[in-house]
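Written below as C-alpha cells is the structure these notes are about.
All values reported here derive from a predicted model rather than from experimental measurement. Values below: all heavy atoms of this structure, side chains included; hydrogens, waters and symmetry mates excluded.
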Amino acid sequence: VELLSFVGMGVLCGLLGAFFVYTYEKLVRFRLKYPVLRQSRIGLVTVVAVFTSFAIYLSGPFGRLPLSKEMTKLLNKDALQPNLFQNEIYNLLVFIAVKFVLTIFNVILPIPGGAITPFLVLGAGLGRLFGELFNIDFNTAVIPSGYAVIGAAGLCSGTIR
C-alpha cells in the first residue's frame with residue numbers, strides 16, 4: 001500500500017511541476033510582452049520583494065524561517081514548530097500555497113537566483129502534507145518525513161525536466 005502511495009506522490013509532484021513550468025512560461029511571456037516590465041527591472045524586483053515580504057509575514061512563523069531550517073523541520077519526525085494554526089494540515093496548506101506562488105514570481109525576476117532549493121523545500125512540504133493525510137486517513141504508523149523526501153525528489157525532477 002505504501003509503495004502505491006509513493007507512486008501517487010510522484011505523479012502528483014510531476015503534475016504540479018508541469019503546472020509550474022506552464023505558469024512560468026506564461027509569466028515570462030507576459031513580462032517580455034510589455035516594455036514597462038521589460039525595461040524597469042529595478043521596479044519589478046522592488047514590487048516582487050515587497051509582495052514577497054508581505055506574503056511571508058502573513059504565512060506565519062514557519063514560513064519566515066530560512067529555507068535550510070524549513071527543510072530540516074520538514075524532514076524531521078517531530079511535529080512542525082512554530083505554527084500559525086493549531087492544526088498541522090492547515091499550516092502545511094498555507095506553507096505550500098504561499099511558497100508555490102512566491103517561487104513562481106521570484107524565479108521570473110531578471111536577477112540571478114537559485115531555483116533548486118525552493119523546489120526541494122516546496123516538494124518536501126507537499127510530501128509531508130501527503131504523509132500526514134495518509135497517516136490520518138488510514139490510521140497507520142507511517143513516517144510523514146519519508147514522504148517529504150519523496151515529494152522533494154518528485155517535485156524537483158518534475159520542474160527541472
*Worked check of side-chain contact (heavy atoms from CB on, under 4.5 Å) between Leu67 and Lys99*: CA-CA 10 Å; Leu67 290 176; Lys99 287 293 179 186; 4.0 Å; yes
*Would you give the length of the straight line joining atom CD1 of Ile104 to atom NZ of Lys26, rounded to the nearest 0.5 angstrom?*
13.5 Å
_Minimum heavy-atom distance Gly151-Cys13, with the two atoms named_ = O-SG, 3.6 Å
*Give, for atom CZ of Phe51 and atom CG of Asn106, the distance between the pair rounded to the nearest 0.5 Å.*
9.0 Å
*Is the backbone N or O of Leu74 less than 3.5 Å from a side-chain atom of Arg128, with the two atoms forming a donor-acceptor pair by type?*
yes
*Rounded distance [0.5 Å steps], NZ in Lys73 versus OG in Ser145*: 14.0 Å
*Mind listing the closest non-hydrogen atom pair of Ile108 and Arg31 along with its distance?*
O-NE, 3.2 Å
*CZ of Phe95 to CD1 of Ile56: how many Å apart, nearest 0.5 Å?*
9.5 Å
*If the plane angle is over 60° it's perpendicular, under 30° parallel, otherwise tilted; pick one for Phe100 and Phe20.*
perpendicular
_For Ile89, is the CD1 atom crowded, meaning more than 12 foreign heavy atoms sit under 6.0 Å from it?_
yes
*Decide whether Ile150 and Leu15 are clustered together by the hydrophobic rule: side chain heavy atoms of Ile, Leu, Val, Met, Phe, Trp, Tyr closer than 4.5 Å, transitively.*
no
*Are Phe19 and Val121 connected in the hydrophobic side-chain network, where two residues link if heavy atoms are under 4.5 Å apart?*
yes
*Interatomic distance, Leu122 atom CG to Leu16 atom CG [nearest 0.5 angstrom]*: 6.5 Å
*For Gly125 and Ile96, which heavy atoms make the closest approach, and how far apart are they?*
O-CD1, 3.4 Å
*Are Phe105 and Phe30 connected in a single hydrophobic cluster, I mean Ile/Leu/Val/Met/Phe/Trp/Tyr linked by side-chain heavy atoms less than 4.5 Å apart?*
yes
*Consider only side-chain heavy atoms of I, L, V, M, F, W and Y, link residues closer than 4.5 Å, and tell whether Leu65 and Tyr90 are in one cluster.*
yes
_Could you tell me if Arg64 sits above the aromatic ring of Tyr57, with its cationic atom closer than 6.0 Å to the ring centre and no more than 45 degrees from the axis?_
yes
*Are Met71 and Ile116 connected in the hydrophobic side-chain network, where two residues link if heavy atoms are under 4.5 Å apart?*
yes
_Nearest-0.5 Å distance, CE of residue Met9 to CG of residue Leu4_ = 14.5 Å
*Using only heavy-atom distances, determine whether the side chains of Ser5 and Tyr147 contain a donor-acceptor pair under 3.5 Å.*
yes
*Where the side chain of Asn76 meets the backbone of Thr72, is there a donor-acceptor pair that is under 3.5 Å apart?*
no
*If you look at every heavy atom in Leu155 and Phe119, which pair is closest and at what distance?*
CD2-O, 3.6 Å
